[in-house]
Amino acid sequence: MPDSRTHSSKSTGSAEPAPAEAMPTPPSGPLFAEIKLQARPGRAETAEQALKKIVAPTRANPDCLEFRVLRYRDDPRAFTLLEHWTSMAATDAHGESDYMADYLATREENFEVLSVSFIHELQP
């Protein structure tokens, strides 16, 4: 998956990054990833097949707690991947795994990546 560890928001018009105190260090441990993809025109079925190929090996990964591929009814070119991992290091290793090589080699021709968000669950 893309190595984007920040959640983007609307631009304030300033080119300067937010102060360090405004961006807390995310906690270690389990996290969720939400990846929104748009299949390129004419590539929706090929894109779906590419995603289906990574489901079983991703779910078999011992660091993967959950992996779902969703396709929108009202926009068959739109997909969301919902992932739950044991750690950020696990998501990094997943992206570098052998089973992801084919997907990553063709991702650019099949998809536009709309957003990547890494989300930590708040614990009481």
Side-chain angles (χ1 to χ4, degrees):
M1 297 292 112
D3 189 19
S4 172
R5 296 175 195 209
T6 60
H7 180 75
S8 62
S9 60
K10 283 189 170 182
S11 174
T12 60
S14 170
E16 294 188 29
E21 63 271 12
M23 300 292 283
T25 302
S28 60
L31 75 153
F32 294 86
E34 177 186 57
I35 298 107
K36 294 190 177 198
L37 305 167
Q38 181 81 21
R40 298 204 183 275
R43 305 288 299 176
E45 297 310 314
T46 303
E48 178 182 332
Q49 292 307 311
L51 291 172
K52 284 181 175 181
K53 286 181 184 178
I54 64 170
V55 171
T58 300
R59 288 180 178 166
N61 182 322
D63 291 319
C64 178
L65 303 172
E66 182 175 13
F67 183 77
R68 294 177 183 252
V69 177
L70 308 173
R71 189 171 187 182
Y72 290 73
R73 285 183 169 192
D74 61 343
D75 183 357
R77 290 179 45 221
F79 298 87
T80 295
L81 308 182
L82 298 175
E83 306 177 14
H84 188 189
W85 293 92
T86 59
S87 67
M88 191 70 215
T91 66
D92 292 343
H94 162 70
E96 296 172 9
S97 66
D98 290 341
Y99 62 85
M100 288 293 292
D102 288 340
Y103 168 77
L104 293 172
T106 62
R107 183 180 64 196
E108 192 65 32
E109 70 187 68
N110 289 326
F111 296 102
E112 176 184 355
V113 177
L114 302 178
S115 68
V116 175
S117 299
F118 291 96
I119 309 157
H120 289 87
E121 185 173 13
L122 294 178
Q123 301 296 322

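The basis for the numbers below is simple: all heavy atoms, side chains too, and nothing from hydrogens, waters or symmetry mates. Just so you know, residue 1 is the first one in the sequence shown, and it goes up from there.
In the hydrophobic cluster analysis, where Ile, Leu, Val, Met, Phe, Trp and Tyr join through side-chain heavy atoms closer than 4.5 angstrom, Val113 is grouped together with Met100.
Taking 4.5 Å as the limit, some side-chain heavy atom of Cys64 sits within range of a side-chain heavy atom of Trp85. For the pair Asn110 and Leu51, the minimum side-chain heavy-atom distance is 4.5 Å or more. No side-chain heavy atom of Phe111 sits less than 4.5 Å from a side-chain heavy atom of Thr106. Glu83 places a side-chain heavy atom less than 4.5 Å from the side chain of Ile35. Taking the side chain as every heavy atom from C-beta outward, Thr80 and Glu34 approach each other to under 4.5 Å.
Applying the side-chain hydrogen bond (donor to acceptor under 3.5 Å, both in side chains) test to Thr46 and every residue at least two apart in sequence or in another chain returns nothing. Remark: Arg40 engages Arg43, Glu108, Glu112 in a side-chain contact (heavy atoms from CB on, under 4.5 Å) (not counting sequence neighbours).
When all heavy atoms are compared, the tightest approach of Ala39 to Phe79 is CB-CE1, 4.1 Å. The minimum heavy-atom distance between Thr91 and Met88, with the atom names listed, is OG1-O, 2.7 Å. Across every non-hydrogen atom of Leu31 and Ser87, the tightest pair is CD2-C, 3.2 Å.
Applying the ring pair (Phe, Tyr, Trp, His ring centres under 6.0 Å) rule to pairs touching residues 27-53 yields Phe32-His84, sequence neighbours excluded.
The pair Glu45-Lys52 fails the salt-bridge criterion, with no side-chain N (NZ, NE, NH1 or NH2) lying under 4.0 Å from an Asp/Glu carboxylate O.
Judged by distance alone, with hydrogens and angles left aside, the side-chain atoms of Arg77 form no donor-acceptor pair with the main-chain N or O of Gln38 at under 3.5 Å.
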With side chain to side chain contact (heavy atoms under 4.5 Å, CB included) as the criterion, how do Asn61 and Phe67 come out once you've worked through the C-alpha distance, each side chain's angles and the decisive distance to 0.1 Å? CA-CA 10 Å; Asn61 182 322; Phe67 183 77; over 6 Å; no

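Taking CG of Leu104 as the start and CD1 of Ile54 as the end, the distance is 8.0 Å to the nearest 0.5 Å.
Around atom CZ of Arg59, more than 12 heavy atoms belonging to other residues, nucleotides or ligands sit under 6.0 Å away.
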